[in-house]
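Every chain is numbered from 1 and lettered A, B, ... according to where its sequence line falls, protein lines coming before strand lines.
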Amino acid sequence: MSAGLRQSMAWLHTWAGVLPGWVLYFVFLTGTLGYFSVEIDRWMQPELPLRSRDVPVQQLLEQGLQRLQQRAPDAERWTIELPRRKSPLPPRLVWRGAPAADGSREAGSEPLPPGTDTPRLRATGGGQVLYQLHYRLHYLDTQLAYWLIGACAMVMLVSILTGIVIHKKIFTDFFTFRPGAGQRSWRDLHTVLGTVALPFHLLITWSGLVLLASTYQPLVVDEVYRFDEAVQDAFFIDNAPRLADQPRSGVVGALLPVTYWLAADGGDAQGARLVSFSVRNPGDANARVVLVRERRNGHNGTDQRVYGAADGRLLDPGLQRAPARQVRDALVGLHKGGFAAPLLRGLYGVSGVVGTLMVAAGMVYWAAKRRARRATPVGDGGGGLAWVERANPAMLLGPLLGVCVYLLANRLLPLELPSRGAWEVHALFTTWGVALVGSLALRPQRAWLRLWQALAVVAALVPLVNGLTSDRHLGITVPWALQQGDWVLAGIDVSLLGVALVAGLVARHLSRRTA
Amino acid sequence: MSSLLAVLLGLVALALARPAHQRLLLRRALPPRHGRLLWIAGAVTLGLALWLAVRDDGWVLGLLRWCGAVSAAALPIVFGLPYLARGLYSSRR
């Protein structure tokens, strides 16, 4: 390969990586947390029971249908939500479109089996908000955020490919890390982290682009569905068939027994698992049954089948999709990792952390390399380099600090506060903003030190405040985990203590170096 | 877990196959023949790990798990090697 080409690629890699680097770092960080969104959801609602009672699916469905018949006989839709592999949430009954006394239609839900104590759950953004931050950002129009994230993802893909080209000894240097060697250490760190999880970086970036392809490539939809907005609705209907949404016929119809649906589902035999049982237009001849199954070895989480409720006829087999759609679904499934068992999800998490650190190391290396060529001290001299050096501490540690404050806000904000979940997110971004102001005001070495110290304190505060404000603290969750093997709640507190420990060690190291 | 362990062993062998790491840990380079043997042992063990993962989970999930295992197992080796070497020689002094 010619040196000229490699040099050009190196230039592209450097500038393509630096410009959206902070956004990519935030996307990697929140996307990695998204792999544990259900666990974070559970931590952020400490009112949930530690575990719901184990009741066979057939019994749950029979009890649920009986209860729905009593509670909302004329509803437009009944749904019985069953536990998922990843989700700890107890089974639930949900109804929509039930006639209310004032003539309107109402929705409602209650836990299953009937009679279970209903915990009053606090309002929270939970892990879902953290997950959504990685593709929707916040305080921005959704379409604008999609475009912004798409552009950054494209740049990331370019950076990965050019990184492969410029790295002459990618496999020989696989294990090369030289600590304490200044900017060379940062380069080693960036390269090693990029190489050890290279397949993950490629997969996650490429599939992320595919995920929102219809946003970035609207002309494809225009070509097939024309430019008329009303006709373009057909695109979305084609992508989400609505065979289940049929009008009522007005003729009374029966629902086949639960045993029939369990046999039709055939779930466990195929390694899949029934996670939702819905009846649309219950009691009507035009009723539909929708079975949603979580696949064991599938790559797009769930699939859905629609049946006639009275005759059991399969109306939409769900799986028969066009090949292009199947490829897209597989890529999207691989991106989200929703199908992954705990070990594989843990590996997704490790790879996500590696990606986050790779981007961070790249940002620090960019500044360190340029500073080494100048005579002025770090943070001085004005221009882009000084700005990057001064902003880096807040842009890299600020989001982490913000997430810890987000968790603290979950425990400290008044339970009755209106829009409580939104205030949790405001707490995250306010913290980040304060960190940025402080970082720009201080010299970079001092800013790094103060932010690492702040992270150590705030991360350690989360389990402490959790212990003072809820009964899901380590004193309860660790014995529970040792007894039941359920480490979700204890794992989050222990991870935060780990973050506090690492941050404290780094702060001590920096403090000694600057003293 | 067996495939994760095999990946770890394979990567250790591959790391030790490099003269730079041999000098770092042993303060001398091994004969080239030993280096080649370590390289082959590492590659075969990584292949075995891939076979174990694919056998358990099929091609798609097995390959995915193997790639994840390589990432996870490489981290302690990459970041442990220099500090392990420092620890070894500072305690001998």
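- Of all the heavy atoms in B:R18 and A:T176, the pair that sits closest is NH1-OG1, 3.3 Å.
- Atom CZ of A:R508 is surrounded by 12 or fewer heavy atoms from other residues, nucleotides or ligands within 6.0 Å.
- Within a 6.0 Å sphere centred on CH2 of B:W39, other residues, nucleotides and ligands contribute 12 heavy atoms or fewer.
- Contact of A:L198 with chain B is not made at all, since no heavy-atom distance falls under 4.5 Å.
- Annotation: the span from A:L343 atom CG to B:S3 atom OG amounts to 7.5 Å, rounded to 0.5 Å.
- Between the side chain of A:S351 and the backbone N or O of B:G68, no donor-acceptor pair lies under 3.5 Å.
- Checking each of A:V192, A:T195, A:L193 against B:V78 for a side chain to side chain contact (heavy atoms under 4.5 Å, CB included) leaves exactly one that passes, namely A:V192.
- Nearest approach of A:V196 to B:S71, heavy atoms of both residues: O-OG, 2.8 Å.
- Note on ring orientation: taking the six-membered ring where Trp is involved, the planes of A:F177 and B:Y83 are tilted (angle from 30° to 60°).
- For A:P199, the part sitting under 4.5 Å from any heavy atom of chain B is the side chain, from C-beta outward, and nothing else.
- Environment of CZ in B:R55: crowded, with over 12 heavy atoms of neighbouring residues, nucleotides or ligands closer than 6.0 Å.
- In terms of heavy-atom proximity, A:F175 sits nearest to B:I77 at CD2-CG2, 3.9 Å.
- Interface check for chain A: of the options B:L64, B:L81, B:V70, the most heavy-atom pairs under 4.5 Å are formed by B:L64.
- We find the CG-CG distance between A:L357 and B:L75 to be 9.0 Å, quoted to the nearest 0.5 Å.
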